[in-house]
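Hydrogens, waters and symmetry mates are skipped; everything else that's a heavy atom, side chains included, is used.
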Amino acid sequence: MILSTNSKMLYFCAKQTCFQKCASLLASASRQHPRLKVQIVSSTRKSHTEALSQKYASKIINGKKIAEQIQAEIKYDIQRWLARGNRGPHLSVLLVGDNPASAVYVNNKLKAAQKTGISSETIIRPNKTTEEEVLNIIRELNDNSNVDGILIQLPLPNHMNERKVCNAIAPHKDVDGFHVVNVGRFCLDMNALMPCTPLGIMELLRRTGIETFGKNAVVCGRSKNVGMPMAMLLHAGDATVTICHRHTPAQQLVEYTKMADILVVATGIPHLITADMVKEGVAVIDVGISRIKDSVTGKSKLVGDVDFDRVVEKASYITPVPGGVGPMTVAMLMQNTYKAACSTIRYETGTIPEYQTWDDESENVAFVI
């Protein structure tokens with residue numbers, strides 16, 4: 001707060017957040033000094049990001065708003081499902097370790113479940129929990145007829161094989177869409193529970209009116225839970241798809257990204273994509289999220305894989321970070337849980353009764369970007 005006097009005038013400059021407190025203090029000052037004239041000046045300076053968001057509002061895809069619409073639709077469907085005498089969907093989440101980010105993600109998922117009418121539980125185990133103990137928990141959840149969806153919050157502690165753990169989940173309860181049966185089915189264009197982030201991106205494109213038919217789509221990142229299924233879904237949408245990754249030479253990466261009508265970036269490298277790497281009118285979907293130190297304020301902030309402040313000027317559409325893809329991933333998790341409860345997907349593999357574990361991977365490489 002800044003107080004200054006000039007002649008018989010008192011000026012009080014305040015941020016909007018403490019405006020009411022300032023007004024109260026000034027009212028008190030004016031009562032004590034009746035001859036003193038009071039003028040209130042409210043400072044409403046906007047940050048650079050806020051200014052950009054207002055300037056380019058028509059370009060920015062509001063993933064949070066679209067996710068809320070989807071959750072409202074799921075809630076309505078669940079209410080109809082319950083009205084027909086069915087049991088409500090139930091999601092079980094297993095959190096192993098003490099990763100703060102994972103705890104936040106789990107909390108967001110549980111909040112979304114509550115909003116949509118899905119009951120949920122979190123099973124928390126310490127970092128020292130053995131892989132066999134985790135597998136036993138999964139087996140119990142597989143056999144529990146009241147559990148419709150099982151989610152293992154990644155990453156797992158280093159002493160566990162993520163692929164083995166994910167494949168231990170019964171395919172029809174695999175709401176993350178990471179089981180080898182679901183991955184294989186969806187690659188063969190069969191009905192399956194699909195990975196939530198790519199599914200959410202396709203829903204963003206559809207609801208925003210971004211056409212994939214005949215477009216050049218470039219996916220930066222080849223992870224098995226985002227990059228690969230994203231490319232497959234774009235391919236299924238009749239786009240011509242190019243996948244770039246960590247071994248794509250930098251010069252060639254620029255050539256590919258400049259061709260993109262739709263650019264999906266999921267590398268985890270802050271500000272990898274700059275304005276000179278994209279063409280005018282590109283639709284940009286930024287999956288990455290990293291915490292970096294702001295060079296101006298010195299505070300930490302969340303950023304994506306795309307240099308949003310500059311790329312937004314050339315893009316026709318772009319997702320912000322945060323508030324873009326993240327909420328859509330959670331919304332698709334709710335959708336998958338509802339689908340699992342309704343048993344809308346029929347598996348003909350014969351593996352479900354035995355909950356077969358595919359554990360012949362020698363290395364834990366399934367989620368490498």
Side-chain angles (χ1 to χ4, degrees), residues 1-4 11-26 40-57 59-65 67 95 97-109 111 127 153-155 157-158 197 220-221 223 226 246 250 253-254 257 263-278 284-315 317-330 369:
M1 296 184 297
I2 302 173
L3 279 170
S4 64
Y11 295 91
F12 202 118
C13 181
K15 289 184 178 180
Q16 190 67 31
T17 53
C18 58
F19 192 83
Q20 292 181 342
K21 181 182 290 186
C22 295
S24 176
L25 289 172
L26 285 172
I40 302 175
V41 179
S42 174
S43 174
T44 56
R45 292 181 182 177
K46 297 182 177 65
S47 69
H48 179 59
T49 302
E50 289 173 332
L52 280 174
S53 296
Q54 286 193 354
K55 182 178 180 180
Y56 298 108
K59 295 184 176 186
I60 299 173
I61 304 174
N62 191 333
K64 183 178 180 181
K65 183 177 180 180
L95 175 61
D98 54 2
N99 186 320
S102 292
V104 172
Y105 295 148
V106 167
N107 188 49
N108 290 339
K109 293 167 184 176
K111 286 181 179 179
N127 191 75
Q153 183 62 44
L154 302 179
N158 292 332
T197 297
C220 293
S223 66
V226 179
R246 65 175 65 191
L253 176 63
V254 175
T257 56
L263 178 61
V264 181
V265 193
T267 65
I269 303 174
H271 293 169
L272 171 68
I273 303 300
T274 53
D276 61 334
M277 297 174 66
V278 300
V284 181
I285 307 296
D286 192 349
V287 184
I289 184 165
S290 304
R291 188 174 291 277
I292 66 171
K293 187 175 183 179
D294 191 307
S295 58
V296 177
T297 65
K299 298 179 181 179
S300 64
K301 64 176 182 178
L302 294 175
V303 299
D305 294 352
V306 178
D307 184 0
F308 178 89
D309 290 358
R310 292 162 183 80
V311 174
V312 67
E313 298 179 0
K314 298 178 73 174
Y317 292 98
I318 188 169
T319 58
V321 176
V325 174
M328 292 298 296
T329 299
V330 176
I369 292 175

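Going from atom CG of Asn62 over to atom CE of Met328 covers 10.5 Å, rounded to the nearest 0.5 Å. Put simply, CD1 on Ile61 and CD1 on Ile318 are 8.5 Å apart, with the number rounded to the nearest 0.5 Å. To the nearest 0.5 Å, atoms OG1 (Thr267) and CG (Asp305) are separated by 3.5 Å.
Contact record, Lys314 with Ala275: NZ-O, 3.0 Å, taken as the closest heavy-atom pair. Pairing each heavy atom of Gly268 with each of Pro270, the nearest pair is O-CD, 3.5 Å. Annotation for Leu263 and Val265: closest pair CG-CG2, 3.8 Å, computed over non-hydrogen atoms. Nearest heavy atom pair, residue Val306 against residue His271, reads O-CD2, 3.4 Å. Shortest non-hydrogen contact noted between Gly63 and Pro327 is O-CB, 3.9 Å. Of all the heavy atoms in Cys220 and Ile273, the pair that sits closest is SG-CD1, 4.4 Å.
Residues satisfying the side chain to side chain donor-acceptor pair (under 3.5 Å) test with Asp286, not counting sequence neighbours, are none. Every residue two or more places apart in sequence or in another chain that forms a salt bridge (Lys or Arg N to Asp or Glu O under 4.0 Å) with Lys301 is listed here: Asp294. Under the rule for a side-chain contact (heavy atoms from CB on, under 4.5 Å), the partners of Pro157 that lie at least two apart in sequence or sit in another chain are Val96, Asn127, His159, Met160. Considering only residues two or more places apart in sequence or on other chains, Pro322 meets the side-chain contact (heavy atoms from CB on, under 4.5 Å) condition with Leu302. Residues meeting the side chain to side chain donor-acceptor pair (under 3.5 Å) test with Thr197, sequence neighbours left out: Thr329. Residues forming a side chain to side chain donor-acceptor pair (under 3.5 Å) with Thr274 (at least two apart in sequence, or on another chain): Asp276.
The number of heavy atoms from other shown groups lying within 6.0 Å of NZ (Lys59) is above 12. Within a 6.0 Å sphere centred on CG of Asp98, heavy atoms belonging to other residues, nucleotides or ligands number 12 at most.
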side-chain contact (heavy atoms from CB on, under 4.5 Å) between Leu95 and Tyr105: does it pass, once the steps are laid out?
CA-CA 10 Å; Leu95 175 61; Tyr105 295 148; over 6 Å; no
Verdict with supporting geometry, Met277 and Leu253, side-chain contact (heavy atoms from CB on, under 4.5 Å)
CA-CA 8 Å; Met277 297 174 66; Leu253 176 63; 3.9 Å; yes
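Under the side-chain contact (heavy atoms from CB on, under 4.5 Å) rule, Val284 has a single partner from Thr319, Val264, Val311, which is Val311.
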